[in-house]
Amino acid sequence: MHDRRKQLVQKISDYKHFIVVLLIVSSYLYVGAYHDLYMDPREDGETLILLSLLLVITSGLFFIRMLRLKKRIKKNEL
């Protein structure tokens, strides 16, 4: 049981890191989209915004999974 808890805690840590990376990449894509749409108009700005939005949604899904794992660990400790 203790090993399973360690695995879940490690998975939570991995999810946190992955969420941060996704949000950082999403912000870079958003800045690129802003540049492509307003500063130096090009056609790929809309694509970059969609990719940025997709990464934010994906990070939200990982956040929800992380919260579920935390609840599962807390439930097993009681």
Inter-residue atom distance I19.CD1 - L61.CG, 0.5 Å rounding: 10.0 Å
Taking atom CD as the centre, does E43 end up with more than 12 heavy-atom neighbours from other residues, nucleotides or ligands that are less than 6.0 angstrom away? no
Within residues 41-61 or reaching into it, pairs that qualify as ring-ring contact (aromatic ring centres under 6.0 Å, His included) - sequence neighbours excluded: none
Lys/Arg N to Asp/Glu carboxylate O, D40 vs R42, below 4.0 Å: yes
Heavy atoms only: give me the nearest A33-I49 pair and the separation to one decimal. CB-CG1, 3.3 Å
Closest heavy-atom pair and its distance - S59, L23: OG-CD2, 3.4 Å
Taking the side chain as every heavy atom from C-beta outward, state whether K70 and K74 have any atom pair closer than 4.5 Å. no
Determine whether L55 and M66 fall in the same hydrophobic cluster, where Ile, Leu, Val, Met, Phe, Trp and Tyr are linked whenever their side-chain heavy atoms lie under 4.5 Å apart. yes
Less than 3.5 Å apart, which donor and acceptor atoms pair up between the side chains of residues 9-18 and the rest of the protein, not counting sequence neighbours?
from : atom 1 : to  : atom 2 : distance (Å)
Q10  : NE2    : D14 : OD1    : 3.2
Y15  : OH     : R65 : NH2    : 3.3
H17  : ND1    : S13 : O      : 3.1

For the CD atom of E46 and the CG atom of L51, what is their distance to the nearest 0.5 Å? 12.0 Å
With ILVMFWY side chains joined below 4.5 Å, transitively, what does I24's cluster contain besides itself? V20, Y28
Residues clustering with Y30 (ILVMFWY side chains joined when closer than 4.5 Å, directly or via others): none
About how many Å separate CD1 of I64 and CG of L69, when rounded to the nearest 0.5 Å? 12.5 Å
Check whether F62 and L67 end up in the same hydrophobic cluster, where Ile, Leu, Val, Met, Phe, Trp and Tyr are linked by side-chain heavy atoms less than 4.5 Å apart. yes
Residue pair R5 / I73, side-chain heavy-atom distance below 4.5 Å: yes
Rounded to the nearest 0.5 Å, what separates atom CG in L53 from atom CG in L48? 12.5 Å
With sequence neighbours left out, the residues meeting ring-ring contact (aromatic ring centres under 6.0 Å, His included) with F63 are none
Sorted by chain and number, sequence neighbours left out, side-chain hydrogen bond (donor to acceptor under 3.5 Å, both in side chains) with S26 holds for S52
hydrophobic_cluster_shared for V31 and L29, side chain cutoff 4.5 Å: no
